[in-house]
Each structure stands twice: as C-alpha cells, then as structure tokens.
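First the proteins, then the strands, lettered A, B, ... as listed; each starts at 1.
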Amino acid sequence: MKELPKNYSPQDTEDQIYALWEKSDCFNPDHIDGEPFSVMMPPPNVTGVLHLGHALENSIMDTMVRYERMNGKKTLLLPGTDHAAIATQAKVEKILISQGILHPREELGREKLLHEIKAFAEDSKKTILSQIKKMGTSCDWSRLAYTFDDARNIAVFTVFKKMFDDGLIYRGHRVVNWSIKGQSTCSDEELEYIERPAKLYTFTYAKDFPIPIATTRPETKLGDTAVAVHPNDTRYQKYIGQTFTVNVGAKNPLKIKVIADDSVDPSFGTGALGVTPAHSAIDYDMYTRQRAQGNPIELIQVIDQNGAMTELSGPEYTGLSVEQAREKFVSWLRESTLLLKEEAIMQNVGTSDRFGDIVEAIPMTQWFIDVNKTIPGKNKSLKDLMREAVTIGHNADPNQKITICPKKFEKIYLNWIENLRDWCVSRQIWWGHRIPVWYCSCGEMLISQTQPAHCTSCTSTTFIQDADTLDTWFSSGLWTFSTLGWPEETPDFKTFHPSNWMQMGHEILFFWMARMILMSTYVIDQIPFKDVYIHGMLRDENGKKFSKSAGNNIDPIDIIEKFGTDALRLSLLSGIAPGNDSKFYEEKVIGARNFVSKLWNISRFIMSKSKLTTTQDQKIKRDDLTVFDKMIIQKMHHVIISVRKDLDNYRFSQAIEKLHHFTWNDFADWYIEISKFESNTATKQIILPILLKDLLALWHPFIPFVTEEIWQQYSADKLLAISPYPNAQFYIPYIDTHTDITSTADMIMEIISTIRTIRQEQNITPDTKISIMIDNRKSLLGTTEVLSAYEHIIKNLRTGITKIEFITADIAMPSTIAKTTTHGVTVILSLNTLIKDTRAREKKEKELLKMQKYISALENKLSNESFVTHAPKDIIAGEETKLKTAKKQAQDIVTYLDNIKT
RNA sequence: GCACGCUUAGCUCAGCUGGUUAGAGCAUCUCGUUUACACCGAGAGGGUCGGGGGUUCGAAUCCCUCAGCGUGCACCA
C-alpha cells in the first residue's frame, strides 16, 4: 500500500501535474468521440500580466470545461490572446515616455514603434500563456490563437470586405469622439464618464439676441450655428425659422438660426440651447435632422485635433487652448454685459478609457459600421440581428437563441441596443489591423488585403493604403469562428461552432458580447455561443476595485505560490453568484487551502487502509454493508445528482458548498470515524476506495491538481482529467428503498451528538467515564435491538461512554438529565451532582420558553381550519410529527429543571 | 432623468419554482492532543431575513411602497 507524504505541497506538485496532462495531450478534443462541447477562451490582452479577474475567469471556465470533458464530451477549450490595439499601444508608449522618449510616434516613426510594441506584446504573451497554465486551465494548446496572427488577419479582411460590399461599412464625415492625448478616435463604449465640478454660464450672443442660452463650454459657442427650442414652446415660437447674425469674435459673424427640435427640454435651463454641430454629438444629430428636413444649418469647427482653437474661431482665439479660449470668451461676455448668470454645477464628462484625457467631439472622416441599414437580402439591420439573437433566436430559430445568465443582463443589453449609434471602427493608432483600403491618385478606392496590382479604373499602379487601423473589438468580434479556421470551412469550424458556452465580466458586455453576436449572426449566419455566463467583478475586502493605481493589486501568481492553485480556484468560486461582484481576501484562500489539506488527509487515511481497486475487480457485497455504509452511499448518490444539477446550471458556489459539506461532515467526520469501529473491514476496503475515487472525481473540476496528484499516487492507470464524472446510477443497487436506513443512521448519529452536547453542557471532563440510559420506547422507528447493535459505535465515537442501559419498561428515574432527539429517542444521563448554577438554569429556562412558543405556534397552525383544509396532506403530517417531538423535548427540559431544583 | 440590481448572524455570502425551529464559511466562546489531519476534533452562542403595507392556510421567497447602497444608459443646454 502506497503512502502519501504527510503534507501536500502544491509548489512541488502542480507544475509536474500540468506537464503530465500536456504530455498526454488529454486536452485535445481530437482524441474524444463524444458530442462536441466548445468554449473559446476570452483572449487576455497582451498588455502585461494576468490579474485576479483572469484567475476567476480561468477558474469558472476550466471548471465547466473539465466537467464536460469528464462527461465524455468532445471538449475544446481554445486558448488565445488579444493584441488589444489601443490598450497595448498606450501601454508601450507610456513605458517609452518613462524612458525619456517623450513623443514616441514622432521620434520613432511607424515602423520602429510597431517593432517596440510587437516585442512587448510577444513578451507579455509568453508570460500570459505560462500564467494560464499555472492556473491549471485545461486548454488545447495545439489550437492556440492570437487576434493579430495571420489566420485571424485573413478573417478580419474577409469580414471587412463583406461588410463593405454590403454597404454596411462606410467612410463618412461625422462628429466622433477624439482623444487628444491618444490622437485617435474612440467608440462610444470606450468612454468613461467621470463627474467633475464645472461652471454653467447663461448668456446671450448679443444685446439684441432674444433667447438666452446656457453652456459649460463657452469656447465652443464660437462655432454655434443655431439655437434650438422645443417646437411647442410658446415663449420662443415666434422666432423659429429666423436667423440672427451676431458677432462674438469668431472669424465670420455667426448666423444663428432658431430651430425647433423635439429633443429640447423646455423646462430645463432657459429652455433653449445653443447648437454647436461640430463639437457635440447631440447637436450634430440636430444638424443632421435639419439637413434631412431641408433646412440646413452650418457646421463650424473651432477646435482642432490638438485641442487648439482653429482659425475659424477668430483671430483672437486661433491657436489658444480650449481652456484659454474659454477664459477669454467668458471675460468678453462679462465685459460686454452679455453674461446673465454663472453657477457652479457638477458635470459628467467622457474620458478616454485608455488615455484618460477628456474626449473632444470633433468632425472627422472615419470608417463606420452602419447598425441601422438594411442588410442586403435580409430585410433586417445589424441592430435587428443583435436583438433577435437573445429574444426570438437568430432567424427566429429557438435553437439559435442565446441564453444570458443571469437574465437581468438581457434587459441591459437590449436597452443598450436601443441607444446604439453607428460604430466608428477606424483608429489613428498604429498597433492593429490596418484598414484594407487603398487609394489611387485618380480617387478610386480599392479593398484589398495587400497592395493591389493596378487600379481598376485608371490602370495606375501606385496606391496609398489607408493609414488607420481597426478597433480591436472588430477582430475580437470574430473570435468564436476566426479561431476555428474560418473563412475556410474547416472540420473544426463545422464541429465546434456555435460554441456552447462563454463566460465574461459584465464590463465587456457591449464591447465584446454584443460585437460577437453582431459579427457571427451577420457573417456566418450563426449565433456565436449558446449560453453566456456573466460573472461579477472581484473587489478587495473593503469593496474597492483592484487596481494598480489604488495600490491594492494582488498578483494571482503570488497567491498560487503561497497557497497553491487549487486553493486559489476554490476561494474564487466560493460564494459567487452570477453577475454579482464578490470580495476576495486572504482568509478565504486559507479556508480553501485547509480544505485541500483535508481532502489530502482523507485520501491519506484511506490509502493507508486499502488499495485502490477498480469496480470491475471487486464488487461490493450488498449483504456486508452496514447501516452507515448504506448511509454514506445514499448521501453520495444524492450529492452526485445535486452537484451535477448545479454544474449543469452554472451554480458553482452551490456545488462547492454541497461537496464541501458532504466531504468534511458526512464523509470525514462521520463515516470515516465510524468506519474505524466497524468490523466489516473487507467490505470497507472495497467501499472506501470506491467512494474516494468518486470524491476525487467530483472535486476535480474545481481543484484539478490535488485530485489528480492523489489519483496518480493511488492508481496511475489513467488520468483523472479524462476519467468519467461520477454517475449516481452506480450506487442505486446498494440503496435500500424499502427500509429507512438513513433514518437509523441519523438516529445513531443524533444520539452520539446528544451525548456529546450533554457532556459539554454539564462540563464533564473527558477522563470522567459516564454511563447513560437510552429510552426509545417512544421512538419513531428505533427498537432496542437496533440500538444495541450500535452500542460499540456510540461508545467509541468521542462520547466517553462506558455503559449503556436500554430502558424497556417504566422505571424510577434517578436524578437525571434527559434530552430527546428529533427521532424520539431520549438519552438519559444519571449523575450524582448536576450543575446547578444559575447560568445553566437560565439557559434552560430560555430554551423552554422558546420551545413552548414553538409548540403553541404549531398547535395554532394545526387547529386552524383553513390550514387543515388548504394545505397539502404531507405538510400537515409533517407539522404533526414536529409537534409530537417538540412536546417531548419540552418535557425533558421541565424534568431537568425539576431535578436541579431539588 | 430612465432602467436594473442589492439590503439575510460580527464579517463574506448561499437560500431554485412560497411549506422543518432561516443555512454555510470565517470570526467569537468552551472543551480536547483519541493511532488521516491542530491547515485538527467535539460543543456552544449569535439573525423579529432594510422599514411599512398587501396577496396567501402559510412569505426571506410573490406584489406595492419608502429608505439606503450600487451598476448600466442617457443627460452633460
């Protein structure tokens, strides 16, 4: 018999176990013939190292995948990384700046900077991949993908061309979000709103201008071309349609047209707003509406891409920064006594999530994806596709419906679609997929992945490629199928798409989930995944987000080195609910580590007693099973069913809780302890290993390393990672359905607990051996013979009992303490001296009071006619039994109180 | 402003479609080194399930309402 080392050392074990898995290629689905189950790993950004959030994702994902793999499915977890366009470039530029290269783009140029970024990306890719392995994630490394590799490049180009040909991608001049610091556009989703104090100025453009307006951005007023009021606003109706020419210092006198627009709230401020089409998305919308109505207003750009005032803002303003211009304009208003009011308010401003600066609205020529346009041949827009995938199913097919867990995110998602504008996909940064568009000097625009040979309209052979790159989410949107070799019709693509499951944090719902749905339904006419599980964010013990700047960052690798991966995984998955944030702190990991230790010791004990046999070798002999054998078999049967159900429904936390309770309480504290005193050792030697095997397998998806290590130490014939997940069916033949085995076992265990409780309450030292009487005349199911058979168990299980007397007839009770179990068995302890201190008495009196209250509540319930007529029979019967037991327990307390009185 | 959550033991959280005296882990207190485990064992204390109202024989669970906290979207005149 093999012996496990006294302590489990994850540090000395985990890497070897992972190497073992890799060597066997057991994570490659090609070796399995079952029903496909695929998960595409959300590719981490190559911006550095993985954080705790990644550890959570890997734990969730890997638990699910291991479970399905053990269920015999052809399981693929496809690993990958994301080039993370802006994020990575911003990160590398920051590093370069800290190294003294203050203007990386100008100083290095495109080629050199790209080289730097690539080196950084490759480096961090390496780190990330090794970290994923450290976390025990069971991915098929032979299918490793990268959003920026050649295969994904082809997919990106193919999709771009398809969208362009369908007219869904267009190049247009529109107001976009512009980060001055990053010198790039960003999508609406890439804005982070922060609240900051601002001043709201109320003024009129000129003395004779009839409508006052308010603004927090006075400098942009140099580009105003209209004043908008609500069409029904009686105050201003007479001015609608009129144009006023005012001179506020801009290059040309402003022609302010009074326009009517439904979006104006007449009760807010002055009920009128100055329209700056060039520097506000809302105002730009009005500008578009006016044009559509045939009443165009002008558009004057007064801020340039560097955040400086343009020539159009007037000679006094040209070249000034936005802040300088604001000050100047306000003092001009003041001097001209046009300023009516100045008040301090709180204001939300959009900042770039990557560069951190306040984003300016600027009109520019960019590439957009039209989300409202009808897709040729579809009679639907991209928006419709995005909506349908989660409502009626793609193509109204219920089998192509995405289920979002928890459901609340479905509403959030649909609400977001409502407000969705065209998606600006071009970026002015350099790290990313270059827009595959080439311009000929003749004005022709060609879509091509590489430089075209010659122009289709003028035969010229010289082209300029569009300088911009694509939003990183364009390529991640293709992830579920680009990773499978699409646009080739590969076997992988046919087998594994749509993927079965996806998990992600709620912060990337719109960035990623939405775009995957858009791309997949449009490009390949399939949903990207069937189920999506949204997890919450990890926070520190004070509820704060983890971040480097807050200084509360925890490196998962540090935790792994200290406590092991299994402990980290277990602690991350414990106590989480889908969509809810959870707190992470070291005590939780310690608890998980302790559990891993416990499992190790359980295994160590069983291994020292018996060697692992396969079920084919030796069959359990039914007749040799004790009540407790049957009890644990029944509980095992039950735990397998309920853990499977939890995992099938992504209730990781609940599954862990049940397994934890079963392992530590039912199995270790009761069954193993009892097994030490039962004589059917031959049967125990068969049954213990069988139970241990299934226990390890049940735990394996959560804590893969320690379970595999024990498994290997015990019987190295096969890897646990590809062994079947326990089947409850196996235990059915050993479960007694007609006799109430668990109740007998429960009764014995309860008697033991009762004795222990009495000992503690009475402060009886362990070396004091006591004798007890057991009265089961009114027990619900026990007989004295049954109880006598378990006398040795009761005596041996930390009860300190030397003698048990079974009461079969009425006898005179000595000075006693009696306690009745819920099974109706009364344990009587006779002592010469009972504790009589007032504290013990008070406690008992309190207990009695509680009991009496409970009894009268039950009595009321049972005498309530409505209850008796309306409630189901089994509920009523249950209440009656409860009442019976409660009465007996109350009597015990009364007797006890009487006894200590004398 | 609109929408969606959350509020359960000192702490962190479970509690599915309403039905045992509302659970777990940690922490606390008491006792204990019994041959797998002190990263342990045995026992105990601790909650009027945010407030109010309603539906029901029965509500932590369903409905309404109020309060506090949080998130998303919009606004950012």
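Partners of A:Asp12 according to the side-chain hydrogen bond (donor to acceptor under 3.5 Å, both in side chains) rule, which considers only residues two or more places apart in sequence or in another chain, are A:Ser9. For A:Arg326, the salt bridge (charged side-chain N to carboxylate O under 4.0 Å, His left out) partners are A:Glu219, not counting sequence neighbours. For A:Phe584, there are no ring pair (Phe, Tyr, Trp, His ring centres under 6.0 Å) partners at least two apart in sequence or on another chain. Evaluation of the side-chain contact (heavy atoms from CB on, under 4.5 Å) rule for A:Phe510 yields A:Glu189, A:Ile412, A:Trp416 as partners, not counting sequence neighbours. Taking the ring pair (Phe, Tyr, Trp, His ring centres under 6.0 Å) definition, one finds that A:Phe546 meets it with nothing, sequence neighbours left out. Partners of A:Arg798 according to the salt bridge (charged side-chain N to carboxylate O under 4.0 Å, His left out) rule, which considers only residues two or more places apart in sequence or in another chain, are A:Glu673.
Among the nucleotides B:C31, B:U21, B:C73, the one closest to the side chain of A:Trp416 is B:C73.
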Return the polar atom pairs (N/O with N/O) between nucleotides 32-36 of chain B and the protein under 3.5 Å, or none.
unit_1: B:U34; atom_1: N3; unit_2: A:Arg798; atom_2: NH1; d: 3.4
unit_1: B:A36; atom_1: O3'; unit_2: A:Arg604; atom_2: NH2; d: 3.2
unit_1: B:A36; atom_1: O2'; unit_2: A:Asn601; atom_2: OD1; d: 2.8
unit_1: B:A36; atom_1: O2'; unit_2: A:Arg604; atom_2: NE; d: 3.3
unit_1: B:A36; atom_1: O2'; unit_2: A:Arg604; atom_2: NH2; d: 3.0
unit_1: B:A36; atom_1: N7; unit_2: A:Lys676; atom_2: NZ; d: 3.3
unit_1: B:A36; atom_1: N6; unit_2: A:Glu673; atom_2: OE2; d: 2.7
unit_1: B:A36; atom_1: N3; unit_2: A:Asn601; atom_2: O; d: 3.1

Using nucleotides 56-63 of chain B, report all nitrogen or oxygen pairs with the protein that are shorter than 3.5 Å.
none

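Atom CE of A:Met851 is separated from atom C1' of B:U21 by 8 Å (rounded to the nearest Å).
At B:U30, none of the side-chain N or O atoms of A:Asn763 fall inside 4.0 Å of OP1 or OP2 (strictly under the cut-off). At the phosphate of B:U71, neither OP1 nor OP2 sits under 4.0 Å from any side-chain N or O atom of A:Lys545.
Secondary structure note: stems in RNA chain B built from 3 or more consecutive Watson-Crick or G-U wobble pairs under 3.5 Å occupy B:1-7 with B:67-73, B:10-13 with B:23-26, B:28-32 with B:40-44, B:50-54 with B:62-66.
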Determine, for nucleotides 3-16 of chain B in 5'-to-3' order, which nucleotides have protein heavy atoms under 4.0 Å from the base (write B), from only the sugar-phosphate (write S), or from neither (write -). -SS------SSSS-
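Each salt bridge (charged side-chain N to carboxylate O under 4.0 Å, His left out) pair with one or both residues in residues 258-268 of chain A, not counting sequence neighbours, appears once here: A:Asp261-A:Arg289. The salt bridge (charged side-chain N to carboxylate O under 4.0 Å, His left out) analysis of residues 855-871 of chain A, with sequence neighbours excluded, yields the pairs A:Glu859-A:Lys887, A:Lys861-A:Glu879.
Aromatic rings of A:Phe595 and A:Phe702 (six-membered ring for Trp) have centroids beyond the 6.0 Å cut-off, not under it.
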